[in-house]
Amino acid sequence: MAIEAIDTNELGEKVVEVIKTIFDPEIPVDIYELGLIYDVFVNEDYDVKVLMTLTTPNCPVAESLPQEVEERIKSIDKVNDVEVEITFDPPWTQELMSEEAKLELGML
């Protein structure tokens, strides 16, 4: 039985689609548009690494949000392993939000 090949870029796009379904519990905007996702890496073994931040180091969902990101990505077919790394360098600012997020929050 042949294993269906999938492009790592295509898998990366699926990962971003899934991330866009995760919302910050305090702000009605998904975490991708909010600018909390700094990078998504997918290697040839279909391992995924997400580099993300939180709005503040004391964020009330500091424990649960990265776990939710990991679990949702693991649910994607073809994903082998997932690592979510939290960084505060650079720190999150409102400038990282997309135009869509700013519009949603009445900042434009």
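Counting from 1, the numbers follow the sequence of the chain as shown.
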Start with the C-alpha gap between T87 and M52, add the side-chain angles, then the distance that decides, and say whether side-chain contact (heavy atoms from CB on, under 4.5 Å) holds. CA-CA 6 Å; T87 184; M52 67 176 288; over 6 Å; no
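- Annotation: side chain of E68 is in contact with side chain of R72 (closest heavy-atom distance under 4.5 Å).
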So F88 and L54, side-chain contact (heavy atoms from CB on, under 4.5 Å) or not? Walk me through it. CA-CA 7 Å; F88 293 101; L54 302 168; 4.0 Å; yes
After noting the C-alpha distance and the side-chain angles of M97 and M107, does the key distance pass the side-chain contact (heavy atoms from CB on, under 4.5 Å) rule? CA-CA 10 Å; M97 293 178 8; M107 298 172 71; 3.3 Å; yes
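- The OG1 atom of T55 lies 5.5 Å from the CG atom of D24; values are rounded to the nearest 0.5 Å.
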Determine, stepwise, if the pair N80 / N43 fulfils side-chain contact (heavy atoms from CB on, under 4.5 Å). CA-CA 10 Å; N80 184 37; N43 70 17; over 6 Å; no
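- Here Y38 contributes atom OH and D89 contributes atom CG; the two are 8.0 Å apart, rounded to the nearest 0.5 Å.
- Chaining together hydrophobic side chains whose heavy atoms lie under 4.5 Å apart places L108 alongside L103.
- Listed here is the closest heavy atom pair of I19 and V50: CD1-CG2, 4.4 Å.
- For K20, the side chain to side chain contact (heavy atoms under 4.5 Å, CB included) partners at least two apart in sequence or on another chain are V16, D30, Y32, E33.
- One finds the CG atom of N9 at 13.0 Å from the NZ atom of K14 (value rounded to the nearest 0.5 Å).
- In plain terms, the two heavy atoms of P57 and A62 that are nearest each other are O-CB, 4.5 Å.
- When all heavy atoms of V29 and L34 are compared, the closest pair comes out as CG1-N, 4.0 Å.
- Nearest heavy-atom pair, E104 versus P28, reported as atom, atom and distance to 0.1 Å: CG-O, 3.9 Å.
- Summarising the geometry, atom NZ belonging to K78 is positioned 14.5 Å from atom CG belonging to D45; distances are rounded to the nearest 0.5 Å.
- Atom CG of L36 is separated from atom CG of L65 by 7.0 Å, given to the nearest 0.5 angstrom.
- Closest approach of P66 to I86, counting heavy atoms only: CG-CD1, 3.5 Å.
- In this structure, F23 is not a member of the same hydrophobic cluster as V18, with clusters built from ILVMFWY side-chain heavy atoms closer than 4.5 Å.
- Cluster annotation: I37 is connected to V79 through the hydrophobic network of ILVMFWY side chains, with a link wherever side-chain heavy atoms come within less than 4.5 Å.
- With sequence neighbours excluded, the residues that form a side-chain hydrogen bond (donor to acceptor under 3.5 Å, both in side chains) with K49 are E85.
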